[in-house]
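Each chain gets a letter, A, B and so on, in the order its sequence line appears, and its residues count up from 1.
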Amino acid sequence: MIENLNNRERSHSCGALRKENVGERVTLMGWCARRRDFGPLTFIDLRDRDGITQIVVNQEKSPAAHAKAKEVRGEYVLAAIGEVVLRDENARNPKLATGDAEVQATEIVILNDARTLPFQLDASDESLAAEDLRLKYRYLDLRRPQLQANLRLRHRMILEINRYMDQQGFTQIETPNLIKSTPEGARDYIVPSRVQPGRFFALPQSPQIFKQICMIAGLDKYYQIARCFRDEDLRADRQPEFSQLDVEMSFATPDQIYELVEGLFARIFELIDVELATPFPRFSFADVMRRFGSDKPDLRIEGMELRDLSASLAETAFAPYASILSARGEIKGIVVIGGASMSRKTLDELQEFAKRYGAGALAWIKLGDELSSSLLKALGHDTLVDLAGVAGAQKGDAVLIVAGKSDVVAASLGALRNEIARREKLIPANVFAPLWVTDFPMFEFHEDDGRYYSMHHPFTSPHDEDLPVFERAVNGETELFSQIRAKAYDAVINGVEVAGGSIRIHRRDVQQLVFKALGMTEEMARARFGFFLEALSYGTPPHGGIASGIERTLMVLVPTENIRDVMAFPKTASAQDLMIDAPGEVDAKQLEELHLKIVKG
RNA sequence: GGAGUCGUAGUUCAGUUGGUUAGAACGCCGGCCUGUCACGUCGGAGGUCGCGGGUUCGAAUCCCGUCGGCUCCGCCA
């Protein structure tokens, strides 16, 4: 029977009781995680966010409480009132923090009952219920201690960020969520205006413009933990709405930003008792792409760096390679230590893996007792020995080779490096390898519409010494665009991009040059960013900043591969909330007020 | 937009070459049990094999379509 709470007050959490509490009369409240029934003796594992305490109910000592305990089922909400008793030496449970003691209940109050749950909360990782079911019943899934721990870590991280940013002299400033759609970048989430027919707000992809406006306003050091919205297809580490620590400071050099962020991450990692070495090593974008095939390399993986084999094959008669090289492509390889024992099946799987990234094929050389290779007929024994040597392979190793356009070679070998490390368990646990990637290219070329786009965003400053080249590029020498470096930087930990930012353009003329480079006429630029160009002309200080993904960082801390593990109420890969069933339809009256009509697709 | 993969009891899964009554574990319900802590033990209930169509004497199994979850590519400044 369900009873009222009345004036009963909880005295301790379910994770609190220790030997020292023995003899105290306590009142615990929580959920029945498990009940073990021995007839006249019943045990209840009472759970709350802090832990589990064993409640003992003895029929002889407390018949009324025992009768209540018999009624209890899984996830019933209870108050257990009784005395803390020391467990017998041989009856202690070292798995529980409270395992030396237990509560001898004199009273059990059933505060609420519960239907049988749609899935079990105490399942092992392998037998965890399907994620869609858990998302539908998110309030049940969140009862699991692991998810609760993740959310509490998130809370402590955000507290630490606020404390640190305050100590560093930053002011927390909120920026609006109902803003204006700007082209470029991700797709916007759009909000129709009722008051302004036919007009729409957009939710911010990031507070970029506003943070810069704060600098123009002389606020000097801004930060906030901002909600960002991007209507793009999702991934294991992406959600349509997410949080980022957004930072901007005036008169900033990149070094000052690095130092600020390194200090912050050092503090954050203290939360998991990890001392993060600072300063982080720095690599240019060109270097990490050349050596690791990725702009976010996982430096926990030793070696397996990309080796350029193009020079050794410059004179090759093998037509596929010759044509790739003549088309300014590359041939690169990575060495898999001990890889000579890889089976044909494994190599086929790795080839399939590489093809996802556009690789035409994955060639291999195995240095077993005898050299074997998929290229034996094409290149001959001697060339292969030479290539293996250039790649740095030893006896017993294998070389995996991809030929093609440089971005395909980098992407496929870079991904292979991670994949092989994962398969071969070459990634050490509890190791954290941070780095800075600097000097990103200012622009990247998009094949589909044949023009250049900002790699970071259109407000990123080019390197001062690249300005003359930039001007030439804008004035017709478009092939120079790819040479211009931006004052942009990413912080990477364990192969995860945890922060990214740049020094911004503070000069109106340079900003206009970038808009022109992006194919905007002066009229277009004025229409889209006129207010901003105007703002730039009223004394804008040099400034720069960075943004750090809260969820990404938490994923590294936890650690987990699933962003939904570090958010309370995430959406599915198709951007739905299965609990509240969003997005939903709205009624005709709402549509009418918003001046909207649904057109069937 | 494309690809892969999964969908069978409340849950996690098994289910052979298409063939008798679709199984196991956990959970659930009931009995027994005074030191368990993943309690044990005895018994029981529980199935639109995601959905629709097709092939077949016969479909969880084969084919087509469709829906949903997850992952990846594209995309995400």
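Remark on RNA chain B: of its neighbouring residues R35(A) and P118(A), the 5'-side contact belongs to P118(A), judged by nearest-heavy-atom nucleotide. Mapping R552(A) and F43(A) onto RNA chain B via the closest heavy atom, the residue that lands nearer the 5' end is F43(A).
Taking only side-chain nitrogens and oxygens, K136(A) never comes nearer than 4.0 Å to OP1 or OP2 of G68(B).
Judged as a side-chain hydrogen bond (donor to acceptor under 3.5 Å, both in side chains), and not counting sequence neighbours, the contacts of D449(A) are Y453(A). A search for side-chain hydrogen bond (donor to acceptor under 3.5 Å, both in side chains) contacts involving K405(A) returns nothing, not counting sequence neighbours. Residues that satisfy the side-chain contact (heavy atoms from CB on, under 4.5 Å) test with N90(A), not counting sequence neighbours, are D88(A).
Checking side-chain atoms of T53(A) against main-chain N and O of C14(A) turns up a donor-acceptor pair under 3.5 Å. Not a single donor-acceptor pair under 3.5 Å links the side chain of R417(A) to the backbone N or O of F292(A).
Across all strands, L133(A) comes closer than 4.0 Å only to sugar-phosphate atoms, never to a base (heavy-atom distances). Heavy atoms of Q205(A) sit under 4.0 angstrom from primed sugar atoms or phosphate atoms, though from no base atom.
No hydrogens or angles were tested; on distance alone, a donor-acceptor pair under 3.5 Å links the side chain of R87(A) to the base of U36(B).
Taking a 6.0 Å sphere around NZ of K296(A), one finds it holds 12 or fewer heavy atoms contributed by other residues, nucleotides or ligands. In K19(A), the NZ atom is not crowded: 12 or fewer heavy atoms of neighbouring residues, nucleotides or ligands sit closer than 6.0 Å.
A distance of about 16 Å separates the C1' atoms of C70(B) and G50(B), rounded to the whole Å.
Under the 4.0 Å criterion applied to side-chain N and carboxylate O atoms, E561(A) and R422(A) are not assigned as salt-bridge partners.
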How would nucleotides 70-75 of chain B be written as a contact map, 5' to 3', with B for base contact, S for sugar-phosphate-only contact and - for no contact, using protein heavy atoms under 4.0 Å? SSSBBB
Where along nucleotides 23-33 of chain B does protein come under 4.0 Å, by heavy atom, of base (B) or sugar-phosphate alone (S), with - for untouched nucleotides? ---BSSSS--B
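Residues from residues 403-421 of chain A lying near RNA chain B, meaning a heavy-atom separation below 4.0 Å, are absent.
Of all nucleotides listed (G69(B), G35(B), C37(B)), G69(B) comes nearest to the side chain of Q576(A). For S127(A), whose side chain is taken as the heavy atoms from C-beta onward, the closest listed nucleotide among U12(B), C37(B), U11(B) is U12(B).
No donor-acceptor contact under 3.5 angstrom links the side chains of D439(A) and Y489(A), judged on distance only.
Aromatic ring orientation, F532(A) versus F459(A): perpendicular (interplanar angle above 60°, classes split at 30° and 60°).
The aromatic ring centroids of F445(A) and F481(A) lie 6.0 Å or more from each other.
Put simply, CZ on R115(A) is 13 Å from P on U11(B), counting in whole angstrom units.
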